[in-house]
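Order of listing sets the numbers, starting from 1, for every ligand and every atom in it. Each residue takes its place number in the sequence, starting with 1.
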Amino acid sequence: MQDNKIEITELREKLDFHSYQYYVLDNPQISDAEYDRLFRRLSELEEQHPELITADSPTQRVGGAPLEGFNTVRHTVPMLSLDNAFNDEEMVAFDERLKRLLETEEEFEYIVEPKMDGIAVELVYVNGQLVQGSTRGDGLQGEEITANLKTIASIPLKLRDNELAIPSRLEVRGEVFYPTAAFRQLNKDREAAGEPTFVNPRNSAAGTLRQLDPRITAKRLLDIFIHGIGVIEGVELKTQSDAYFAFQQWGLKVNPFTKVCAGMQNAIAVYYNLLEKRESLPYEIDGTVFKLNSIEHQRAAGIRSRSPRWAIAYKFPAQQETTIVEEIIAQVGRTGAVTPVALLKPVFVGGVEVRRATLHNQDEIDRKDVRIGDTVVVQRAGDVIPEIVKVVESKRQKSAKKYTLPRNCPACSNPLFRPEGEAVLRCDNPDCPAQLRESIIHFASKGAMDIDGLGEKLVAVLLEKKLISSIADLYFLQKENVAELDRMGDKSAENLMSAIEKSRTAPLERFLFALGIRHVGEHVARVVTQHFKSLEKIQNAAVEELITIHEVGPQVAASLTHFFSQEKNKSLVQKLLEGGLAPVYSESRIESGPQFDGMTFVFTGALEKFTRKDAEKFVTDRGGRASSSVSKKTSYLVAGPGAGSKLQKAKELGVAVLTEDAFLAMLT
Ligand code: I6G
């Protein structure tokens, strides 16, 4: 019995430690399998000795039977909300207001952190034990959701005992959120099961926390960041950053991007830095939160009725807005895919004007029931084409008109077809003028041949005036003819001619991408080029050899060989070469300093010291390979803050993990 008790205690300590390493520090020390083995052993022992089960045992995260409903609990100290600011001027005004209030001209220290788009909750620890968890509710009272919160692995059931004393009572506030990858998987699973999907991670986090059956909550991989104190007894803290340090000591998870800044201008710089990182974070944030760092200053500033005077949310531009669908058109892409596109009443989304949004295909139009004239919610994220999230049904007018894709290509009238297993309609006319126009636009675009000044409009004019009728004709254009076009003139024509001239010696990988071969994006073009090193070899490559290249699968291989086997494409390449196009394979090899031949690097997390593209170039310039996935062949994983599953996999496989600084040190 005594032995069992000792083993149980040891197992709980081990599991707590590894759970903390994995879920709070994002720094797993053992494999999932090893963790499961320890967990099973503990469950087994507790089953044999139920009298030894304690409320804070790791086995007790997933509670028993479903609840009937939630009790209401009163927060000891009201949970306030935050005022919002939307531009730098408002932030400066906030800073000036505080200086006046506290009668000082000295710069304040601010603590800045991402504002999670999640659900506010409170956790109550008594003598280190989690005794209660609740939602914010109306700020004064919320719903008691302890059983659900206990299922969140990054919430400690008992505070970690470190050098720092454990407060006799601690009430902390935080934001529960759904990590983006887990959210996508959840929706995928729900769709497969025929269940309604969630609109966004925030809604799914809210729905999950309100589950009456904690076993369902446990299956959803929610996470939390702690950011505030309601009550603390027995420990004195001087600054907000001291509080965050203490949270971490006690095993509570704090956002790793939190920064202490001297003065408002430095704090604003952190806002812009996080705005840039927004897309690469593994969760959604909708702004940043600025707080006075000094707790004495916080006390002196005080609170209004619902919000503190010493904190403010500096919101990011919204990534969703509502607007009206003015028209739906069928757009023919360069590969012949016919996509419905909604033409929208122009609206600013996330600081960028949006006029069109993709509707993907007819199934999508039908599923979302989007009609011409509807008010819709549009969303944009990073470089992705804006899309329609949903229709605002309450605003639907009687005049709203349904839309069905045409049976014939809108550009060439060729009958459209839907390949088996695909959702899109296609035009397979090799001479379709829309496909030609789109391929030329793609050819000239930035990531491809980067022909400055040759955009959509000019391509359309050149085609219309019959100055070109294929991609290759670009290299036979005469300056005089271009200069005669409306709104061109001598100077613009000269600029275009020199941009075309420059593109004659574009890197081979960009030329391969510019050809617009299906499934050959920038990354694939790069790995294929690095393997073959010459256009001729790529043209003659066999499927068998192509599939030996890491990251080239049968689909890509088939697409490449098919493209270069077509007479039409062979003569296109031939004519391009005759027009003086001479794509160059340059290893752009840096021969001095460290060399990475035979090594593969993977970059993950939100890199702070360099962009992913630059990092990959550092590696390839020195003979190494940059890959997007971790495998046994990976030499190094370079992990920035917020690294998740790739870091975990690297640890499991024993792949060396580098910080950004360690990677930079390798280059010198
Ligand atoms: O709603 C909130 C989100 C994040 C907050 C907050 C926060 O700090 C990072 N902090 C305070 C003080 C309040 N609400 C009231």
Just list the N/O pairs, ligand 1 to protein, that are under 3.5 Å apart, with the distance for each.
from: ligand 1; atom 1: 8 (O); to: H227; atom 2: ND1; distance (Å): 3.4
from: ligand 1; atom 1: 8 (O); to: K291; atom 2: NZ; distance (Å): 2.8
from: ligand 1; atom 1: 10 (N); to: K291; atom 2: NZ; distance (Å): 3.1

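Residues in residues 73-108 take part in these ring pair (Phe, Tyr, Trp, His ring centres under 6.0 Å) pairs, two or more places apart or across chains: F108-H297. Within the structure, ring pair (Phe, Tyr, Trp, His ring centres under 6.0 Å) contacts touching residues 189-212 (residues at least two apart or in different chains) do not occur. For the side chain to side chain donor-acceptor pair (under 3.5 Å) condition, the pairs that include at least one residue of residues 175-187, sequence neighbours left out, are Q185-D189.
Heavy-atom contacts from other residues, nucleotides or ligands closer than 6.0 Å to CD of E195 number more than 12.
Contact of the V112 side chain with the F257 side chain is not registered, since no non-hydrogen atoms from C-beta on lie closer than 4.5 Å.
Listed for the R612 side chain is a donor-acceptor partner under 3.5 Å among the backbone atoms of F603.
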